[in-house]
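Here the structure comes first, spelled out in structure tokens, and everything after it is commentary.
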Amino acid sequence: MVPGIIAGEGYIEERSEERKGRKPVSRVDDCFGQLGLVPARVLRKPYRTYLRLVPFRRQGGQATTHQPSSPILHPPRAAPEQRDLAQERPSMRALDAPGSPSPNSSMTTGELQEYWRKEKRCWRRVKLLFEVASARIEERKVSKFVMYQIVVIQTGSFDSNKAVLERRYSDFEMLQKNLLKTFREEIEDIAFPKKHLVGNFTEEMISERKLAFKEYLTLLYAIRCVRRSREFIDFLTRPELREAFGCLRGGQYGRALDILVRVVPLQEKLTAHCPVMMVPALCAMLVCHRDLESPAEAFAAGERALQCLQAREGHRYYAPLLDAMIRLAYTLGKDFVSLQEKLQESQLRQPSPWGFTLKELTVREYLY
């Protein structure tokens with residue numbers, strides 16, 4: 001007998017009969033957790049073993065079993081419509097019975113675990129936590145201010161790409177003014193730490209503001225329209241992006257890449273609702289890797305940028321990015337013909353009036 005059997009929606013009933021003619025023994029093994037595999041102990045018994053598949057029939061929203069008239073050694077041949085349903089993707093079948101692994105009984109244990117891990121990641125919304133970890137007093141020739149260190153981490157799992165950035169009181173104040181122009185009603189109940197003429201550099205005042213800024217950012221992020229706004233995203237990413245693109249314009253590709261590697265993961269978490277906002281930074285990473293003679297890393301950054309664009313042929317980065325990817329694919333020995341066809345089709349449908357290269361386009365970003 002084959003030591004395995006594929007079970008659909010049902011269970012395996014094991015009927016055993018001793019050879020000496022004694023009373024048959026019947027036992028039902030629930031196979032939901034066994035993924036359709038016959039237990040090994042069945043094969044070691046000294047008596048005949050019959051296996052039959054007892055499928056479920058749903059009546060009135062409840063599962064009932066249908067008992068076949070005689071034991072069988074193999075599961076019955078499914079009807080054409082049943083075979084079509086059995087061949088559906090697991091994600092489609094899981095919609096019929098959420099939370100139950102039985103629709104995926106043809107999958108191995110590892111595949112089933114990986115499937116549910118992916119499903120849970122899709123269900124769980126990305127949530128960010130803000131912590132003002134420390135503060136330091138910085139003195140310059142004509143000014144003195146407190147620089148607050150903000151740590152941004154993602155909840156739900158271990159975040160190896162936590163973002164660490166520094167902002168001063170005037171940066172928070174500018175954020176508040178910009179948000180009031182558009183979201184005055186939404187943030188009217190959120191208190192902003194007041195400015196004091198004296199005592200701003202005392203340890204007590206700095207500790208108080210650390211807690212106040214943490215609560216301020218947390219409350220802003222809790223408002224959907226605010227956390228998706230350009231003002232909020234720019235507050236957390238624009239200073240670092242301006243520095244990175246400034247280094248890119250100055251030919252300091254290594255320095256620019258170090259900054260982009262730190263800020264792009266945070267930008268990705270903040271712009272999940274609009275991935276196109278990541279395209280300039282990813283294209284800048286492509287340019288840096290390419291000029292540092294790392295074509296494989298450059299090609300990987302370009303693939304991420306193309307995924308963010310999602311074939312938006314009207315976007316100003318689409319044609320220059322495809323042109324750069326064609327050259328990289330040719331250098332790496334990858335398939336460049338399909339990319340070339342996409343570029344030709346795009347130019348036929350919507351010719352580009354400017355004709356900038358990808359590098360010429362990226363150096364124009366974050367000038368102000």
Under the side chain to side chain contact (heavy atoms under 4.5 Å, CB included) rule, what do Cys283 and Thr362 come out as? Steps first, then yes or no, please.
CA-CA 7 Å; Cys283 289; Thr362 53; 3.8 Å; yes
CA sep, side-chain torsions, deciding dist, call: Tyr221, Val226, side chain to side chain contact (heavy atoms under 4.5 Å, CB included):
CA-CA 7 Å; Tyr221 185 78; Val226 174; over 6 Å; no
Please determine whether side chain to side chain contact (heavy atoms under 4.5 Å, CB included) holds for the pair Thr271 and Ile233, giving the CA-CA distance in whole Å, both sets of side-chain angles, and the decisive distance to 0.1 Å.
CA-CA 8 Å; Thr271 61; Ile233 296 173; 4.0 Å; yes
Residues Arg209, His196; criterion side chain to side chain contact (heavy atoms under 4.5 Å, CB included); working and verdict:
CA-CA 11 Å; Arg209 282 187 173 174; His196 299 279; 3.8 Å; yes
Salt bridge (Lys or Arg N to Asp or Glu O under 4.0 Å) between Glu243 and Arg255, worked out:
CA-CA 9 Å; Glu243 183 182 0; Arg255 172 63 179 164; 2.7 Å; yes
Take Arg238 and Glu240 through the salt bridge (Lys or Arg N to Asp or Glu O under 4.0 Å) test and state the conclusion after the steps.
CA-CA 5 Å; Arg238 190 174 183 86; Glu240 286 75 18; over 6 Å; no
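Side chains of Leu367 and Arg249 form a contact here, defined as non-hydrogen atoms less than 4.5 Å apart. Between Thr182 and Ser229 there is no side-chain heavy-atom pair separated by less than 4.5 Å. Counting heavy atoms from C-beta outward, Val276 and Cys308 have side chains that stay 4.5 Å or more apart. Counting only heavy atoms from C-beta outward, the side chains of Thr218 and Leu129 never approach each other to under 4.5 Å. Annotation: side chain of Ile223 is not in contact with side chain of Phe183 (no heavy-atom distance under 4.5 Å). Side-chain contact between Glu231 and Lys181 is absent, with no heavy atoms from C-beta onward closer than 4.5 Å. Using a 4.5 Å heavy-atom cutoff, the side chains of Phe130 and Leu220 are not in contact. Arg227 is listed as a side-chain neighbour of Arg224, based on a closest heavy-atom distance under 4.5 Å.
For Tyr330, the OH atom sits in a loose shell: 12 or fewer heavy atoms of surrounding residues, nucleotides or ligands are nearer than 6.0 Å. At most 12 non-hydrogen atoms from other residues, nucleotides or ligands lie less than 6.0 angstrom from CD of Glu185. In Met174, the CE atom is not crowded: 12 or fewer heavy atoms of neighbouring residues, nucleotides or ligands sit closer than 6.0 Å.
With respect to Lys195 and Glu173, a salt bridge is recorded, a charged nitrogen being found less than 4.0 Å from a carboxylate O. The pair Glu313-Arg349 meets the salt-bridge criterion, with a side-chain N (NZ, NE, NH1 or NH2) lying under 4.0 Å from an Asp/Glu carboxylate O. A salt bridge links Glu166 to Arg136: one of the charged nitrogens lies within less than 4.0 Å of a carboxylate oxygen.
Here Met277 contributes atom CE and Arg230 contributes atom CZ; the two are 3.5 Å apart, rounded to the nearest 0.5 Å. A distance of 11.0 Å separates CZ of Arg262 from CG of Leu266, quoted to the nearest 0.5 Å. One distance of note links CD of Glu297 with CG of Leu328; it measures 11.0 Å at 0.5 Å rounding. Remark: Leu286 CG to Glu303 CD distance equals 10.5 Å, nearest 0.5 Å. Of the inter-residue distances, the one linking Glu345 atom CD with Leu348 atom CG reads 8.0 Å to the nearest 0.5 angstrom. To the nearest 0.5 Å, atom CG of residue Leu339 and atom CG of residue Leu306 are 7.0 Å apart.
Residues Met147 and Leu236 are members of separate hydrophobic clusters, defined by side-chain heavy-atom contacts under 4.5 angstrom among Ile, Leu, Val, Met, Phe, Trp and Tyr. Both Leu358 and Phe299 belong to a single network of hydrophobic side chains, linked directly or stepwise wherever heavy atoms of I, L, V, M, F, W or Y lie under 4.5 Å apart. Leu257 is connected to Tyr253 through a chain of hydrophobic side-chain contacts under 4.5 Å among Ile, Leu, Val, Met, Phe, Trp and Tyr, so both are in one cluster. Follow the hydrophobic side-chain contacts under 4.5 Å out from Leu219 and you never reach Leu211; the two are in separate clusters. Taken together through direct or relayed side-chain contacts under 4.5 Å among Ile, Leu, Val, Met, Phe, Trp and Tyr, Val152 and Tyr216 form part of one hydrophobic cluster.
Between the side chain of Arg304 and the backbone N or O of Ala300, no donor-acceptor pair lies under 3.5 Å. A donor-acceptor pair under 3.5 Å links the side-chain atoms of Thr202 to the main chain of Gly199, judged by distance alone. Of the possible donor and acceptor atoms, one in the side chain of Tyr169 sits under 3.5 Å from a partner among the backbone N and O of Pro193. Although no hydrogens or angles enter the test, the distance criterion places no donor-acceptor pair under 3.5 Å between the side chain of Gln344 and the main chain of Glu341.
Nearest heavy-atom pair across Leu260 and Pro265 is O-CD, 4.2 Å. Closest heavy-atom contact between Gly302 and Met325: CA-SD, 3.5 Å. Heavy-atom minimum distance, Val261 versus Met285: CG2-CE, 4.3 Å. The two residues Thr357 and Pro320 have their closest heavy-atom pair at C-CB, 4.1 Å. The heavy-atom pair separating Lys210 from Ala133 by the smallest distance is NZ-O, 3.6 Å. Residue Ala244 comes nearest to Ala256 through the heavy atom pair O-CB, 3.3 Å, listed as atom of the first residue, atom of the second, then distance.
Applying the ring pair (Phe, Tyr, Trp, His ring centres under 6.0 Å) rule to pairs touching residues 134-153 yields Tyr148-Phe213, sequence neighbours excluded.
Figure legend: Arg167 and Phe172 shown without cation-pi pairing, the cationic atom not lying both under 6.0 angstrom from the six-membered ring centre and within 45 degrees of its axis.
In this pair, Tyr366 and Phe245 present their aromatic rings tilted. The plane angle is within the 30 to 60° band.
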